[in-house]
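Counting convention: from 1, in listed order, for ligands and their atoms alike. We number each residue from 1, following the sequence as shown. Remember, it's a predicted structure, so these values are computed and weren't measured experimentally.
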Amino acid sequence: MPSPSKLANSRRAPFFVLEGVDGSGKSTQAHLLAEWYRAAGQPVLLTREPGGTALAERLRGLILDPAIACASRAELMMILAARAQHVAEVIAPAVQGGVTVISDRFSLSTLAYQGYGRGLPLDELRYADAVATGGCCPTLTVVLDIPLDTAFARIGERQDRFEGEGRAFLQRVVEGYRTLGAQEPHVRIIDGAGPVDAVQQAIRNVLGEYALAADQA
Ligand code: TYD
C-alpha cells in the first residue's frame with residue numbers, strides 16, 4: 001500500500017489528474033484522494049477544469065451554459081484559455097513549490113470531449129493544448145471507466161451543455177477515453193463502477209505503482 005510521502009519525494013511535486021465521462025465519480029474520488037494527502041500531512045492542492053482560477057471559473061459558466069450558442073472551435077478556445085490561466089496561476093507554481101496537485105479533469109478531457117465527442121481533429125487538439133499549457137503535462141492521468149448506463153443513472157436531471165448532448169455523444173466520449181487510455185503514455189484506466197472505497201483504493205494503488213516504476217527508472 002503506497003503512502004502519500006512516497007508519491008512526492010522530490011521538490012517538484014506530482015501533478016495527478018482524474019478523468020472520466022460525466023457521472024464517473026471522479027470529483028468524489030479527487031476529494032478523497034486529496035483528503036488522503038492532507039491526513040498524511042502532505043501539501044496538496046485540489047482543483048478542477050474548466051476552472052481553478054477567477055478567469056477560468058468565469059469561462060466555465062459560459063462553456064457549460066446550454067442556453068448560449070457556442071461553435072465547437074469557440075468552445076475549444078474557451079476551454080484552452082481557461083487551462084492556460086489555470087496552469088500559469090495555479091498548477092505550475094504549486095508543482096514547482098512542492099505541492100502535489102490533483103485536478104478534476106485536464107487535457108485528456110479535451111481529446112475525449114472535443115476530439116471524440118465533437119469530432120475535432122486530434123492532432124489539432126494536441127497542438128492547441130500544448131500552446132495553452134506551455135508543455136505542462138500531468139505526471140499521471142487516471143481515467144474512471146464506467147458503462148454509459150451507469151453514467152446516465154448518476155447524471156440524473158443534471159443537464160449542462162455536455163450532459164445535454166445525449167447518448168451518442170457521451171458514448172463517443174466513453175469510447176474515446178478507452179482508446180486514449182490504451183494509447184497514451186502516462187494514462188491508466190481503472191474500473192469506476194464499483195463501490196467508492198474500492199475505486200479509491202484502486203486509484204491509490206495505480207499512483208503507488210507508477211511512483212515505484214518512476215523510482216526504478
Ligand atoms: P465537470 O466539472 O466534470 O462537470 P460536473 O460539475 O457537471 O460534474 O466538467 C464539466 C464539463 O466540461 C464536462 O461535461 C466535460 C466538459 N469539458 C470538456 O468538454 N473539455 C475539457 O477539456 C474539459 C476540461 C471539460
Side-chain angles (χ1 to χ4, degrees), residues 15-34 46-53 55-68 70-87 89-91 101-122 124-133 136-138 141-146 148 150-177 180-181 184 187 192 196 199:
F15 168 26
F16 296 124
V17 177
L18 290 185
E19 287 277 0
V21 73
D22 302 80
S24 61
K26 66 193 165 32
S27 307
T28 303
Q29 295 297 341
H31 276 92
L32 289 172
L33 193 61
L46 175 62
T47 187
R48 71 167 179 183
E49 285 214 351
T53 71
L55 176 68
E57 291 291 338
R58 218 32 118 72
L59 286 168
R60 180 186 173 93
L62 293 170
I63 293 164
L64 298 188
D65 187 347
I68 298 175
C70 186
S72 298
R73 285 171 190 275
E75 175 183 285
L76 171 67
M77 291 303 150
M78 288 198 289
I79 286 167
L80 294 183
R83 181 162 305 139
Q85 187 63 26
H86 194 205
V87 169
E89 188 180 326
V90 173
I91 297 173
V101 174
I102 299 168
S103 185
D104 179 346
R105 298 193 185 280
F106 196 66
S107 298
L108 205 69
S109 280
T110 308
L111 297 179
Y113 282 81
Q114 280 63 52
Y116 287 86
R118 298 282 189 227
L120 292 177
L122 292 179
E124 288 184 24
L125 295 178
R126 287 183 211 279
Y127 183 81
D129 184 61
V131 173
T133 63
C136 171
C137 294
T141 298
V142 178
V143 178
L144 306 187
D145 181 56
I146 57 164
L148 194 60
T150 311
F152 262 103
R154 288 182 185 170
I155 291 170
E157 295 300 304
R158 285 172 15 196
Q159 289 280 296
D160 66 26
R161 187 188 301 279
F162 300 94
E163 292 157 357
E165 281 292 337
R167 241 191 131 76
F169 176 85
L170 289 181
Q171 183 65 55
R172 289 198 298 279
V173 172
V174 167
E175 281 162 14
Y177 273 124
L180 291 163
E184 298 280 316
V187 178
V196 170
V199 175

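In terms of the side-chain hydrogen bond (donor to acceptor under 3.5 Å, both in side chains) criterion, residue partners of Thr110 (sequence neighbours excluded) are, by chain and number, Arg83. Take Arg167 and apply the side-chain hydrogen bond (donor to acceptor under 3.5 Å, both in side chains) test, not counting sequence neighbours, and it matches Asp149. With sequence neighbours left out, the ring-ring contact (aromatic ring centres under 6.0 Å, His included) criterion links Phe106 to Phe15.
Minimum interatomic distance between Ala30 and Leu18 (heavy atoms only, all atoms of both residues): N-CD1, 3.3 Å.
A salt bridge links Glu57 to Arg48: at least one charged side-chain nitrogen sits closer than 4.0 Å to a carboxylate oxygen. The pair Arg73-Glu124 meets the salt-bridge criterion, since a charged nitrogen lies less than 4.0 angstrom from a carboxylate oxygen.
Contacts of ligand 1 (protein heavy-atom distance under 4.0 Å) are Asp22, Lys26, Glu49, Pro50, Arg60, Leu64, Ile79, Arg83, Arg105, Ser109, Thr110, Tyr113, Gln114, Arg158, Asp160, Phe162, Glu163.
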